Amino acid sequence: MISAPTRRHVLAGAAALAVTPMVRPASAQASARVVVIGGGFAGATCARKLHRAGLKVTLVEPSASYISCPFSNAVLGGLRELKDQTFTYEALVREGIALAPIEAKAIDGDARRVTLGDGASLPYDRLILAPGIDIRFDGLQGYDQAASEVLPHAWKAGPQTSLLRRQLEAMDDGGTVVISAPNNPFRCPPGPYERASLIAHYLKTHKPRSKVLILDAKDAFSKQSLFTAAWKELYGEMIEWVGLSAGGKVTEVDPGSKTFITEFGKHRADVGNVIPPQRAGAIAVTSGIADQTGWCPIDPVTFEARQHAGIHVIGDAAIAGGMPKSAFSANAQGKACAQAVTLMLRGEAPPSPKLINSCYSLVAPDYGISVAGVYQPAKGLLADVAGAGGVSAAKAPASVRAAEASYAEAWFKTITHDVFG
Amino acid sequence: MTMAGRASTVLGASVLALVSLAGALAQTPAAPTSGAAAFITSPPGATACLGCHGPEATALPSLARLSARDIETALAEFREDKREPTLMNRIAKGFTAEESKAIAEWLAAHAGKAP
Ligand SMILES: Cc1cc2nc3c(=O)[nH]c(=O)nc-3n(C[C@H](O)[C@H](O)[C@H](O)COP(=O)(O)OP(=O)(O)OC[C@H]3O[C@@H](n4cnc5c(N)ncnc54)[C@H](O)[C@@H]3O)c2cc1C
């Protein structure tokens, strides 16, 4: 945790940064100013790189600590604690990045300034917008903020994760856990299915007569054949998946009775997890950087927003073509964007990038599977490089699944160190 | 803190834009390929590798102590299905021999230093 004096000091620093350039003579301008909104996998990565490039970086992030979604399904499964998911910005501040520990309220793209929650304003030469996702509380009938206290989404890690875990722990043996999965695009395409797996792992160990029912708004999902085969092998009939054409699309929820309503019927849950429709973080929508889809179209070389010059969008908030909304993608985009922005500020043209994603999912603590892809700009989007990418082998010995599970953990350790120091 | 008036805000911002561009040109590090900001001149794809392969070895190997030749050979073998993979074949096939060589050279020089 960042202590109170440090926070005040940092805030004062940010505020000073906001006003002093107005009165300083031209020669005092040390270098270009970049403001980064959001200190997640995308924003924190990008901020560190831009700072290393010698730019004046202010990171705007209201939370004193960051709680990671990757591996939060393992918290639900009782395999980890939330504190193992928690990171701070102390290393970034130590490196010399100015932290404004407050929410960004508005962006004036024409004047190139960001208004903070306390009314202060931060001018920028380039803005990096990395606010992640927001839950669309208008996207599913019956599912509002209050409903999420009964039927948690746990799609932003933190109190929601703890709530869902407590509900699982309190459930009687023989209960039914219902998970509703949204249509594409959404954060972490394999996430709902990894979640079902690790909940089943917990139930198999502690409450073996229970069931997990996944109601899905899609007919296909990430790593589907691998998940389906592993579920049978590890959990027998415990996990049931109902896709769109079999009536899986949830059209309404009733939090009072914990009921999920589909076009075909009603499912009462003992524990209900609604993974609702999502969109880019609110600031991207209110500032007009998101389009009518709720996500932000970008130039695939520079990550510059199609909706406004000088603003670059990375991570889950961006429309990144073939790239999934993952922490790995967010980290890779943060680096590529920092490279592009640094070169642009020098008046140089950024090279056409290549990006990589790889995402591991745990089906059980010692059973990992993966998806990978390589991407490059094509027709204005980040498109899959043909011949690359794909999922783990359909048939593999237990040793390979165990190796991938250990690689998943290794990845988490390495990437969180890369992002948060 | 109070915000500056609208007119002076706009004026300030446009003046600043000019000033800071000049500043950026004057202040950019002289040798961007060495030291802390090596990412600026990294070849396409290279920095993403460090999401899994960090400065210290884990269950996944660190690239920090490998030579450019070692990395290039490994990428070629994964690309051509000559090495038993879990995931790397799927990534290596996304890069040409020439791109892989550039990545290998960059990683050999910088993978240990959080570039
Ligand atoms: C259950 C689950 C499991 C997952 N597992 C994996 C996995 O195994 N591997 C993987 O690669 N990915 C995984 N993901 C996906 C991963 O969490 C996201 O893709 C990643 O967090 C995206 O990073 P981001 O920086 O774009 O957004 P975030 O990480 O959400 O960060 C956004 C930040 O912006 C801040 N912010 C928002 N609005 C403002 C504002 N107005 N002003 C200032 N700050 C603001 C927020 O406080 C937040 O800190 C998983 C996701 C879930 C839900």
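Because only heavy atoms are used, hydrogens play no part in the values below, and waters and symmetry mates are left out as well, while side chains stay in. Predicted model only: the values in this text are computed from it and were never measured.
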Donor-acceptor pair between B/Ser42 and B/Thr47 side chains, under 3.5 angstrom:
no

Backbone N/O of B/Ile40 and side chain of A/Gln339: donor-acceptor pair under 3.5 Å
yes

Counting only heavy atoms closer than 4.5 Å, note whether A/Phe328 contacts chain B via side chain, backbone, both or neither.
side chain

Option that, when pairs with chain A are counted at under 4.5 Å, heavy atom only, ranks first among B/Cys52, B/Gly54, B/Ala57
B/Cys52

Between A/His51 (side chain only) and A/Glu95 (backbone N and O only), is there a donor and an acceptor less than 3.5 Å apart?
yes

Donor-acceptor pair, B/Ser67 side chain versus B/Ala108 backbone, under 3.5 Å?
no

Verdict with reasoning, A/Ser329 to A/Phe41, per side chain to side chain contact (heavy atoms under 4.5 Å, CB included)
CA-CA 9 Å; A/Ser329 294; A/Phe41 282 95; over 6 Å; no

Could you verify whether a donor N or O on one side chain and an acceptor N or O on the other, from B/Asp70 and B/Thr73, lie under 3.5 Å apart?
no

Looking at B/Glu77 and B/Lys82, is there a salt bridge between them, counting it only when a charged N and a carboxylate O are closer than 4.0 Å?
no

Tell me, side chain or backbone of A/Thr45 under 4.5 Å from chain B's heavy atoms, or both, or neither?
neither

Main chain of A/Ala410, side chain of A/Thr414: is a donor-acceptor contact present, judged purely on distance under 3.5 Å?
yes

Counting only non-hydrogen atoms closer than 4.5 Å, does A/Val371 touch chain B with its backbone (N, CA, C, O), its side chain (CB onward), both, or neither?
backbone

What are the residues of residues 93-103 of chain B, in order of number, with any heavy atom under 4.5 angstrom from a heavy atom of chain A?
B/Lys93, B/Gly94, B/Phe95, B/Glu99

Options A/Ile415, A/Val400, A/Asn331, A/Asn357, ranked by heavy-atom pairs under 4.5 Å with chain B, top entry
A/Ile415

Winner by heavy-atom pair count (cut-off under 4.5 Å) against chain B, out of A/Ala340, A/Gly334, A/Ala338, A/Ala332:
A/Ala338

Flag the one option from A/Gly387, A/Ser370, A/Pro351 with the top tally of heavy-atom pairs under 4.5 Å to chain B.
A/Ser370

Side-chain heavy-atom pair B/Leu107, B/Leu66 within 4.5 angstrom cut-off
no

Is it the backbone or the side chain of A/Ile356 that comes under 4.5 Å from a heavy atom of chain B, or both, or neither?
both

Of the listed residues (A/Pro353, A/Ala327, A/Gly389), which shares the most heavy-atom pairs with chain B below a 4.5 Å separation?
A/Gly389

What class does the angle between the rings of A/Phe87 and A/Phe420 fall in, given that below 30° is parallel, 30 to 60° is tilted and above 60° is perpendicular?
parallel

Are A/Arg113 and A/Asp108 close enough for a salt bridge, meaning some N to O gap below 4.0 Å?
no

Please look at A/Tyr124 and chain B and tell me whether the side chain, the backbone, both or neither of the residue comes under 4.5 angstrom of a heavy atom of that chain.
neither

